[in-house]
Amino acid sequence: MALQGKKLINNPEDVVTEFVEGLVETYPGLQYLDGFPQIKVVLRADVERGTYDKVAVISGGGSGHEPAHAGFVGPGMLTAAVSGDVFASPPVDSILAAIRAVTGPMGCLLIVKNYTGDRLNFGLAAEQAKSEGYKMEMVIVGDDCALPPPRGIAGRRGLAGTILVHKVAGAAADAGLSLADVAAEAKHASEVVGTMGVALSVCTLPGHVTSDRLGPKQMELGLGIHGEPGVAVVELQPVDVVVEHVLKQILSHETQYLPITRGSNAVLLINGLGATPIMELMIAARKAVPELQLVYGIAVDRVYTGTLMTSLDMAGLSITIMKSDESILKRLDAPTKAPAWPVGSEGNRPPAKFPVPVPPSPSMKEDEILAQPQELSKQGCILEAAIEASATEIINLKDSLNEWDSKVGDGDCGTTMYRGASAILEDMKIRYPLNDAAGTINEIGATIRRVMGGTSGILYDILCKAAYASLKQSATITANEWADALEASVAAVSKYGGASAGYRTMLDALIPASTVLKQRLEAGDDPVTAFVASSEAASAGAESTKQMQAKAGRSSYIAPDLLASIPDPGAMAAASWFRAAALAVKDKLHGSKS
């Protein structure tokens, strides 16, 4: 059953005018013409009617592609942008109103995406403006490379490459060039740019139902920015494969859409279509740059990554390539105050990688071999067994930890702990000086810091550092030194993490463990018996978190009734590895006596 699309809107009929109102409230350099609802025009606030002494550059089209086109109004880019209703070309009267509002004696250039409605309406407006005495030029942008060369009059669709043409034309106009020269630069830019889009979902128009045309494991190649069908619907592929396909299509020798050959220079635009996280766009950029350089022999002069021309809430991206030269780079690098233009992309590109600085005090001396000794002492064997048992227990607990965390946190506790435990098992084979308990704990901290990340990673690193500082003070390490180290670790985690007993964290397992271990040793208990008893206290403490209200971590944002009967994942993880270590030590010592 089709479902109504969820939108943060009021009346679907008012989305465009309310967007314009919000835009100009946000950016004081913008205004809009007082002609709602028929006339929806955003213009520069610093341009006075009839007296503007530079070429006016106007673009526009149907709404739903925000921030295009209104977000690119500003000094150095567009002088005005005309909006139609969602996916509908603006009427002639709106375009004429924009021309009259900003065009001075230098004339006006219209930049139009290649869609029939836009060509006709902007074209008619241009002819009317000419009859009123305005100097007019129009450049049509058709940068779509997804479809085969058209046989009819429709031509290639206008896509995100239009934004680069805006920038070239706007910078040329801002430099004071004549209308003919500005139009010539814009036309040249339009002839050396190509774009192709890939969609993971179709868009949902305000007030309409959400389409189910694309299945959960499908993607569409060449889908248009109005949701019009593309070249093919295929199975979802990794982004590296998608980028390879898109670049191959844009640079195809068969279609010859772009005059780019090996040895050429180019700029690259990775554009989000509305619902694509910036993380995914950057992953695509990371693939596209070396692909262009190494596979196609194209030098990449500039990279622009962001959400510039969308299709409402469509998930997906488009990739644009524009052949570059000194003239185009000069225009792209020219300053602009257009709010949606990506800042920080101008200038030559330095090497992407920079060496990691070497810490002044590594965990061990550089000339010291980080490896297991040839033969482990009795204490080294016990430590090895405890570490292996603890890490293995965490690995086995991964799914349960993730399940608990999905209900009370962000769902990745098990994955994070698994990553740390797996790395510990690997590093123990080659790095840990197991005959040196303090050094081994320090190296465990280094492993955790390297691979775990997040709050859990830093807290466990702090725990290890505090234990190391405590243990290294003693030449001989007995059960009492281990108890002191655990107490110091708990204190450090509480100090820097801000939690204490009853906060529903891993400390609710470690605090009772530390307390019981101290008490039992002071009472004269056998160290192994004391260790096992403290591990039971840790397990009981972790279980008690089911009745606690969270006061720290992500769980503190969740309603108490949703936490009931679900233990804290961090506490369960701590209790599990602690218990596994205790039982391993018991088995190693008591088992060897039997």
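Since the structure is predicted, the reported quantities are computational estimates derived from the model, not experimental observations. Sequence positions, counted from 1, serve as the residue numbers for this chain.
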Would you give the length of the straight line joining atom CG of Asn121 to atom CG of Asp93, rounded to the nearest 0.5 angstrom?
-> 10.0 Å
Hey, could you give me the CD/CD1 distance between Glu280 and Ile270, rounded to the nearest 0.5 Å?
-> 13.0 Å
Leu312 versus Thr204: any side-chain heavy-atom pair under 4.5 Å?
-> no
Criterion side-chain contact (heavy atoms from CB on, under 4.5 Å) on His188 and Asp325, from CA distance to verdict | CA-CA 11 Å; His188 170 68; Asp325 53 31; 3.9 Å; yes
Do we see a donor-acceptor contact under 3.5 Å between the side chains of Lys113 and His69?
-> yes
Counting N and O atoms only, with roles assigned by atom type, does the side chain of Lys167 sit under 3.5 Å from a partner on the main chain of Arg331, one being a donor and the other an acceptor?
-> yes
Indicate the ring-plane relationship of His226 and Phe87, choosing parallel, tilted or perpendicular according to the 30° and 60° boundaries.
-> perpendicular
Has the side chain of Ser324 got a donor or acceptor atom that lies under 3.5 Å from a matching backbone atom of Leu329?
-> no
Please tell me if the side chains of Ile140 and Arg119 come closer than 4.5 Å, counting only heavy atoms from C-beta onward.
-> yes
Atom pair CD1/CZ of Ile328 and Arg302 - distance to nearest 0.5 Å | 11.5 Å
Kindly indicate, with the supporting measurements, whether the criterion side-chain contact (heavy atoms from CB on, under 4.5 Å) is fulfilled by Met219 and Val234.
-> CA-CA 6 Å; Met219 59 193 299; Val234 299; 3.5 Å; yes
May I ask you to decide if Leu159's main-chain N or O and Asp143's side chain share a donor-acceptor pair within less than 3.5 Å?
-> yes
Are Thr17 and Asp14 close enough, and set up right, to give a side-chain hydrogen bond (donor to acceptor under 3.5 Å, both in side chains), and what steps lead you there?
-> CA-CA 6 Å; Thr17 56; Asp14 298 331; 4.7 Å; no
Mark yes or no for whether Arg419, through its side chain, and Met452, through its backbone, hold a donor-acceptor pair below 3.5 Å.
-> yes
Quick check: does any side chain N or O of Glu25 sit under 3.5 Å from a backbone N or O of Leu23, one acting as donor and the other as acceptor?
-> no
For Leu308 and Ala340, which heavy atoms make the closest approach, and how far apart are they?
-> CG-O, 4.4 Å
Do the non-hydrogen side-chain atoms of Thr305 and Pro342 ever get within less than 4.5 Å of each other?
-> no
Nearest-0.5 Å distance that lies between atom CG in Leu43 and atom OH in Tyr52 = 11.5 Å
Please determine if Asp240 and Arg286 form a salt bridge, counting it only when a charged side-chain N lies under 4.0 Å from a carboxylate O.
-> yes
N-O pairing of Lys248 and Glu244 below 4.0 Å = no
Sidechain-backbone polar pair: Ser190 side chain, Lys187 backbone, donor-acceptor under 3.5 Å = yes
For Leu110 and Ala126, work out which heavy atoms get closest and say how close.
-> CD1-CB, 3.9 Å
For the residue pair Tyr304 and Trp341, does the interplanar ring angle fall in the parallel (under 30°), tilted (30 to 60°) or perpendicular (over 60°) class?
-> tilted
Backbone of Ala160 reached by a side-chain donor or acceptor of Asn271 within 3.5 Å | no
No-hydrogen, no-angle side-chain donor-acceptor test under 3.5 Å, Asp412 and Thr415 = no
Within the side chain of Thr276, is there an N or O that forms a donor-acceptor pair under 3.5 Å with the backbone of Ala315?
-> no
Whether Ser59 side chain and Ala81 backbone form a donor-acceptor pair below 3.5 Å | no
Determine, step by step, whether Ile225 and His65 satisfy the side-chain contact (heavy atoms from CB on, under 4.5 Å) criterion, reporting the C-alpha distance in whole Å, the side-chain angles of both residues, the deciding distance to 0.1 Å, and the verdict.
-> CA-CA 8 Å; Ile225 56 173; His65 308 303; 3.6 Å; yes
Heavy atoms only: give me the nearest Thr310-Leu273 pair and the separation to one decimal.
-> CB-O, 3.4 Å
Do Ser94 and Lys40 come within less than 4.5 Å of each other through their side chains, counting heavy atoms only?
-> no
salt_bridge(Glu132, Arg100) N-O dist < 4.0 Å | yes
Looking at Thr416 and Ser456, what are the two nearest heavy atoms and their distance?
-> CG2-CB, 4.4 Å
Rounded distance [0.5 Å steps], CG in Leu251 versus NE2 in His253 = 8.0 Å
Tightest non-hydrogen contact, residues Gly84 and Ser63, listed as O-OG, 2.7 Å
Enclosure of Asp34 CG (heavy-atom neighbours >12, cutoff 6.0 Å) = no
Tell me, do Lys323 and Ile298 make a side-chain contact under 4.5 Å, heavy atoms counted?
-> no
Going from CD1 on Ile283 to CG on Leu281, what distance comes out if it is rounded to the nearest 0.5 angstrom?
-> 9.0 Å
Check the surroundings of atom NZ in Lys7: do more than 12 heavy atoms from other residues, nucleotides or ligands lie under 6.0 Å from it?
-> yes
Measure the shortest side-chain to side-chain distance between Val55 and Leu177 over non-hydrogen atoms and say whether it is less than 4.5 angstrom.
-> no
Would you check, one step at a time, whether the test side-chain contact (heavy atoms from CB on, under 4.5 Å) holds for Asp174 with Lys54?
-> CA-CA 7 Å; Asp174 201 48; Lys54 295 177 180 178; 3.5 Å; yes
Under 3.5 Å donor-acceptor, Gln249 side chain and Cys145 backbone = yes
Would you say Ser83 and Val42 make side-chain contact, with heavy atoms under 4.5 Å?
-> no
Any side-chain heavy atom of Leu247 within less than 4.5 Å of one from Ile321?
-> yes
